[in-house]
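Before any comments, here is the structure.
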Amino acid sequence: MNKGDHLFLVDGSGFIFRAFHAIPALNRKSDGLPVNAVSGFCNMLWKLLRDARNTDVGVTPTHLAVIFDYSSTTFRKEIYPLYKANRSAPPEDLIPQFGLIRHATRAFNLPCIETEGFEADDIIATYARQAEAVGADVTIVSSDKDLMQLVSANVHMYDAMKDKQISIPDVIEKWGVPPEKMIDLQALTGDSTDNVPGIPGIGPKTAAQLLEEFGDLETLLERAGEIKQVKRRENIVANAELARVSRQLVELRTDVPLEMKLEDLVLEPQDGPKLIGFLKAMEFTTLTRRVAETCDCDAGAIEAAVVPVEWGDAAHGPDLDLRSVSADQPTMAQSAPGATTSNTASGKAPADLARQRAESLAGKPIDRSRYVTIRDIETLELWLAAARETGVVAFDTESTSLDPMQADLVGVSFAIQDNVLSPGSTDIRAAYVPLGHRSGVGDLLGGGHAEGQIPMAAALAAMKGLLEDPAVLKVVQNLKYDYLIMKRYGIVLQSFDDTMLMSYVLDAGKGNHGMDTLSQRWLGHTPIAFKDVTGSGKSSVTFDLVDIDRATTYAAEDADVTLRLWLVLKPRLAAEGLTRIYERLERPLVPVLAHMEERGITVDRQILSRLSGELAQKAAAAEDEVYALAGERFNIGSPKQLGDILFGRMGLPGGSKTKTGQWSTSAQVLEDLAAEGAPLPRKIVDWRQLTKLKSTYTDALPGYVHPQTKRVHTGYSLASTTTGRLSSSEPNLQNIPVRTAEGRKIRTAFISTPGHKLLSADYSQIELRVLAHVADIPQLRQAFADGIDIHAMTASEMFGVPVEGMPSEVRRRAKAINFGIIYGISAFGLANQLSIERSEAGDYIKKYFERFPGIKDYMEATKAFAREKGYVETIFGRRAHYPEIKSSNPSMRAFNERAAINAPIQGSAADIIRRAMIQIEPALAASGLAERCRMLLQVHDELIFEVEDEAVDAAMPVIVDVMENAAMPAVSMRVPLKVDARAANNWDEAH
DNA sequence: GTCCGACCGTA
DNA sequence: TTACGGTCGGACG
């Protein structure tokens, strides 16, 4: 080995555990053999060998070895018998994979190294130092902090899963000390996973600070008396010996006797057939295909190798149900969208195109070195022209904040398919346009405008035409964010697709739809993490202070990935018949919600501050009474301490337990105790209510008032629920109290601007109406048609009590049952809700199903549908997936069944109000009211508008009409929808 | 600083 | 018995 060579040392043992936990155990061979860690390992090795140049390492190895722990005791046990004594046996599913991974290594034609008595880390250390000595470069493929002590100018680490190189500055950033001091740092902090003791009470921050002050561990231990903090000094003096032992444990040996010399580690050529034989035996079809393509082998002609499996001690056999959700039949009705590239297989069915796209983009390398920074207007114009020519451009903004109402624009990135700039190419080109970067150094005011950026105004003017051009499709991930930012800079995006929403329409219920997740799922690629660019915690910086080259890599990659995702997802929409849902129900809502967020709502800070004061007084009084009744002071807010007082010291009978085994102190339990006559639980319930209102609402809301607009701008998430509902956050304006008088006062703080009213319009019983429609229940349909009290009707039908003069308790029970039905009722849940015996609840349900047999039929049909397809549908065709519905765990399965029953009902109602929201602005505009009546909030079945006083009478019927007819013409409901509307000066009175 | 569980506000 | 998000305490690093 010589200078210029590059040795890769793969930490096989570390990788096994990481891959095992990172990749779902679902990943099994058809005979049930778990191979998730093997799969992760093979993919990582392949990537490393094939395109290490395209990763953060940036070089290809000349030498490579995979190193494993030898499974027996090491010299460290002799130094400290408790070393790794806390380790439990590896998971059962992992045991057979240890051997398989060694087989995999040999199949890759790579040396597989282990030495008795030493850990993999020691072997790695020995090789690393030897290679360093002859002037070679070393990359240790691991993210284990125990190896960071080896990092030097020529020795780097590489986290294969995050595609991140770790060099000296990364170690310093992460641990606060340079690599050579890592040993001392670890000796001080210890390591709980390896049972290395360290010094109690010393963490990395303190350790780094001490090493900074004293230089090294020995000096620190000798001069420990100088430490000012009493506790810290005593700890260090008392545990000095322990620290010295710890140091011996964490310091890696560099003198391990090695059979293989450095020269023996030279990278041999790939043996294609041998590797393919192994991969076929493991049933890794994708990787088999890729390897076959690369080495020009005919995979079909190669037999799967026979790989012996050591199952370990545990008796273990195939036990996992491996059935997969059946694939949908492609619909041929729609043309293939996204057919803009020369490699598009025109004339094929959408499903073929979708499959072809998914295959060609999965694992296709992403070359970050091709990203460019656009620093002058001429280059920008060139790119804009290219985008105009291709007709599709991925677009992304970088800014200073996650809050689009506060964010300043820092730059934008574009990605286009390369067939314009390089005819015939199918690659993607991406570029970043820095606009608002500041140099972090220089003056004290945080640095001035960085050099080499197109002036913001000029760039915006140049881009405006393209971004607002309806003939050019802008592809954006999480469009609402970029839409809002650009709107604040005077550009109103037109003609767009949102990859996040596409994924949501296709795969709601199968995990989140963030770019990182989608990139992993569809491209097999991990994009650079935002944190890796800006740092995290208090050392983080805003994006405008990020170095422009670094920003380019990050931002251009985001656009690149977005375009690739679009290429995969767009044809899937057609193939799965979901284009209409996406185009009619999802995409048009983006500007609607963006406008609502932008408008915000006025919150009266004085009212909130007065309420806070009142709540503080009442809570303090309640607190005193609690202490008096309990006979001691404690933290009432701590369920643990509260449980100890109530059920331990006071000996009250405990009700239910939480899943961690603690006594539950829920409101339900406390109410039950109060009913028994104990005075304390009642007070605690009061105290909880008061402090909840104060901390969550009256104290928190003023902090969300926007400094310029003086209004509160919530953020709506379009893609975070399985059912199709929206969610609201920062602040959540969908859970403002309403049930208690005390809580309702908070609503009086939500006010209209002078000369305006708040108008609230809400659907009456929308979910029960949807149920009556989908299950087609005659009595329910009749009751809604006649405008009868639905809960009273249910009670009358079930218990034979006339509606006239019905006792409120009877109606209450019927109401609980009605809600229960919507939630996929169980006797357990209903019993809980009504505080009755489970048998009694079971009788109610039985009775209900007898009276309304159509409901039972509907529920069974929904479950059967969900089991067969893996998803359920709303009346408009939106899908909600329940991949776990066939779980062998009965409670998990039951939970999924209930959710699957609920989803079409909740989801159809959500679709109806979405449709209303999309139609409302055009309808108001048609009545000349667009400027006088503005939609501000949505709370699942309620819309809140701000309307000019004089326009209330005109706007109300328009709104009610749109809402009541929102299902039409897509679905003609068998029951009427009813909307109640009211206008007042604040939300409490309007509701 | 970051995570998770318990609890509780809404529809 | 469905769907969410926010706050707190407490454990971990």
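Lettering of chains follows the sequences in order, A, B, ..., and the numbering in each one begins at 1. All values derive from a computational prediction rather than experimental measurement.
Classification of the Phe852(A)-Tyr848(A) ring pair by plane angle, with boundaries at 30° and 60°, yields tilted. Using a 30° and 60° split on the angle between ring planes, Phe634(A) and Tyr627(A) fall in the perpendicular class, above 60°.
Within the 4.0 angstrom heavy-atom criterion, only backbone atoms of the sugar-phosphate kind lie near Ala700(A); the bases stay farther away. Across all strands shown, Glu730(A) has heavy atoms under 4.0 Å from sugar-phosphate atoms exclusively, and none from any base. Using a 4.0 Å heavy-atom distance criterion, Arg725(A) is classed as a base contact. Counting any heavy atom pair closer than 4.0 Å across all strands shown, Lys659(A) reaches sugar-phosphate atoms only and no base atom.
In terms of phosphate contacts, Ser664(A) brings a side-chain nitrogen or oxygen within less than 4.0 Å of OP1 or OP2 of dC7(B). Checking the phosphate oxygens (OP1, OP2) of dG9(B), no side-chain nitrogen or oxygen of Arg739(A) falls inside 4.0 Å. In terms of phosphate contacts, Ser729(A) brings no side-chain nitrogen or oxygen within less than 4.0 Å of OP1 or OP2 of dC4(C). For Gln641(A) and dG10(C), the shortest distance from a side-chain N or O to OP1 or OP2 is below 4.0 Å. One finds no side-chain N or O of Thr696(A) lying less than 4.0 angstrom from the OP1 or OP2 phosphate oxygen of dC8(B). Between Ser695(A) and dG9(B), a side-chain N or O to OP1/OP2 separation shorter than 4.0 Å is absent. Look at Asn735(A) and you won't find any side-chain N or O under 4.0 angstrom from OP1 or OP2 of dC4(C). Checking the phosphate oxygens (OP1, OP2) of dC4(C), a side-chain nitrogen or oxygen of Thr722(A) falls inside 4.0 Å.
Side-chain proximity of Pro737(A) to dA11(B), dA6(B), dG9(B): nearest is dG9(B). Of the candidates dT1(C), dA11(B), dC7(B), dT1(C) carries the atom nearest the Ile825(A) side chain, counting heavy atoms from C-beta on. For Lys692(A), taking side-chain heavy atoms from C-beta onward, the closest of the listed nucleotides dC7(B), dC8(B), dT2(C) is dC8(B). In the set dC4(C), dT2(B), dA3(C), the nucleotide with an atom closest to the side chain of Asn902(A) is dA3(C). Closest to the Pro639(A) side chain, of the nucleotides dT1(C), dA3(C), dC7(B), is dC7(B). Picking from dA11(B), dT1(C), dG10(C) the nucleotide with the shortest atom distance to the side chain of Asn832(A) gives dT1(C). The nucleotide whose nearest atom lies closest to any side-chain atom of Thr665(A) is, among dC7(B), dG5(C), dT2(C), dC7(B). Side chain of His940(A), nearest nucleotide from dG5(C), dA11(B), dT1(C): dA11(B). Distances from the side chain of Tyr823(A) to the nucleotides dT2(C), dC8(B), dA6(B) place dT2(C) closest. The side chain of Ser638(A) sits closest to dG9(C) out of dG9(C), dT2(B), dA11(B).
Panel note: side chain Arg893(A), backbone Ser887(A); a donor-acceptor pair is recorded below 3.5 Å. No donor-acceptor pair under 3.5 Å is formed between the side chain of Arg851(A) and the backbone N or O of Met798(A).
Closest approach of Gln668(A) and Asn832(A) over heavy atoms only: OE1-O, 3.8 Å.
Contact of Asn732(A) with dG5(C) (side chain to base): no donor-acceptor pair of N or O atoms is detected under 3.5 Å.
His991(A) has its NE2 atom 6 Å from the P atom of dA11(B), to the nearest Å.
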